[in-house]
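Heads up: the structure comes next, in structure tokens.
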Protein chains: 2
Amino acid sequence: MPAPRRKAETTDTATADDRQPVSLGLLDNLLGYRLRRAQLSVFQDFLIVMKDFDLRPAQFSVLAIIAANPGLKQSRVSEALGINRANFVALLDELEQRKLARRAPAPGDRRSNALFLTPKGEGFLKDAYRHLVVQHEKRVETVLGSADKQQLLGLLEKLTALA
Amino acid sequence: MPAPRRKAETTDTATADDRQPVSLGLLDNLLGYRLRRAQLSVFQDFLIVMKDFDLRPAQFSVLAIIAANPGLKQSRVSEALGINRANFVALLDELEQRKLARRAPAPGDRRSNALFLTPKGEGFLKDAYRHLVVQHEKRVETVLGSADKQQLLGLLEKLTALA
DNA sequence: TATTGTTATACTCTATAACTATA
DNA sequence: TATAGTTATAGAGTATAACAATA
């Protein structure tokens with residue numbers, strides 16, 4: 001006669017469920033996984049902080065590159081950000097419709113557009129950046145510590161050279 | 001009479017184009033931007049290295065979590081990975097069709113699925129991980145140095161707690 | 001009433017091919 | 001021939017709402 005089972009849901013195979021903490025297993029020391037999770041957390045915080053400005057990370061990056069390199073050709077802006085030129089068109093269209101950036105004829109090459117911020121775009125970017133530093137980067141540094149942030153930036157730069 | 005211009009494409013406004021290096025401007029010390037670029041580089045390398053296994057990062061992560069927590073409920077696996085449960089269904093469907101993972105009835109709750117790897121899935125994951133460590137993580141450590149990698153993992157973990 | 005798995009749907013992001021106008 | 005901007009399109013990834021079965 002078999003031994004009585006106390007509950008119908010108990011089994012003879014060990015299963016890890018209910019309220020045990022979930023183990024990361026092989027993911028634990030996989031850099032790509034940790035990097036992805038950290039990036040999602042930071043982007044999520046960015047989105048919340050920039051909600052009033054209605055600005056996504058990619059849009060911010062375009063404005064920042066144009067501001068730092070006024071007159072740069074459209075193809076070079078998209079290339080610098082790693083955005084393929086076909087996808088860059090709609091992104092720039094929106095910034096232009098919002099009167100934050102503008103396409104101008106590129107001197108010496110009638111195929112190209114030279115990109116500039118509008119005066120409104122300059123003010124907008126300045127305000128957004130100030131807000132970002134105060135709300136977002138400050139929170140990042142609270143979690144990390146300021147020295148750690150600088151070191152992290154250095155490590156990430158090395159990694160980006162990988163591909 | 002106006003002074004002669006040497007070339008039609010020269011202008012009187014200073015524009016940053018042609019072969020000057022592109023400045024990152026405000027992006028230079030924005031952690032989110034650097035994090036995103038680094039993550040894309042690492043994922044791109046992952047994809048190349050895992051091409052023969054036809055395995056994307058998300059698929060690898062699911063197999064790894066199931067392997068480390070056999071019998072875990074479907075909802076807890078997706079939750080642990082930050083994948084919303086609706087989107088997790090197709091992801092798991094594909095792993096099940098490839099006979100790498102399987103849904104089993106969860107003891108004690110007929111709404112839930114308990115997830116397991118198949119024997120084939122166990123071998124597949126082991127092979128994939130070995131390949132990944134040899135090809136991918138090794139390259140990462142070449143770029144970073146082994147001590148830096150451990151430190152980076154620690155910093156990223158802190159950041160993930162942000163959101 | 002709440003939860004689990006599921007479907008349907010929509011929106012963003014990304015990648016490729018092809019067109020046009022210029023070079 | 002090659003390049004810059006553009007359009008069209010298709011594939012991932014992600015988010016929400018709603019339903020059936022079960023708790």
Between A:Asp93 and A:Arg98, is there a salt bridge with N-O shorter than 4.0 Å? no

Report the distance from atom CG of A:Asp109 to atom C1' of D:dA4, rounded to the nearest whole Å. 7 Å

Does C:dT6 have its OP1 or OP2 closer than 4.0 Å to a side-chain nitrogen or oxygen of B:Arg111? no

Atom CG of B:Leu47 to atom P of D:dG11: distance rounded to whole Å? 17 Å

Between atom CG in B:Asn87 and atom P in C:dT9, what is the gap in whole Å? 15 Å

A:Leu92 CG to D:dT6 P, straight-line distance once rounded to whole Å: 7 Å

Could you tell me how far apart A:Phe43 (CZ) and D:dT14 (P) are, to the nearest whole angstrom? 13 Å

Can you name the closest pair of heavy atoms from B:Leu144 and A:Lys158 and give their distance? O-NZ, 3.9 Å

Over all strands shown, is A:Ala58 touching base, sugar-phosphate only, or nothing at heavy-atom distances under 4.0 angstrom? nothing

Do the side chains of A:Lys149 and A:Glu137 get close enough for a salt bridge, i.e. N-O under 4.0 angstrom? yes

Is it true that B:Lys73 and B:Glu79 have a side-chain N and a carboxylate O under 4.0 angstrom from each other? no

Find the distance B:Leu91:CG to C:dG5:P and express it as a whole number of Å. 14 Å

Strictly below 4.0 Å: does B:Arg110 bring a side-chain N or O up to OP1 or OP2 of D:dA20? no

Taking side chain to side chain contact (heavy atoms under 4.5 Å, CB included) as the criterion, tell me which of A:Leu63, A:Leu95, A:Leu117 meets it with A:Phe124. A:Leu63

Along DNA chain D (nearest heavy atom to each residue), the more 5'-positioned of A:Gln74 and A:Leu40: A:Gln74

Most 5' of A:Val89 and A:Arg36 on DNA chain D, judged by nearest nucleotide: A:Val89

Would one find a side-chain N or O of B:Arg76 under 4.0 angstrom from OP1 or OP2 of C:dG5? no

Mind calculating the distance between CG (A:Asn113) and P (C:dA23) to the nearest angstrom? 13 Å

Under 4.0 Å between a side-chain N/O of B:Ser75 and OP1 or OP2 of C:dT3, yes or no? no

Can you find a side chain N or O atom of A:Arg103 that sits less than 4.0 Å from OP1 or OP2 on D:dA4? no

5' priority, DNA chain C, between A:Gly82 and B:Ser112 [closest heavy atom]: B:Ser112

Could you tell me how far apart A:Arg85 (CZ) and D:dT7 (C1') are, to the nearest whole angstrom? 12 Å

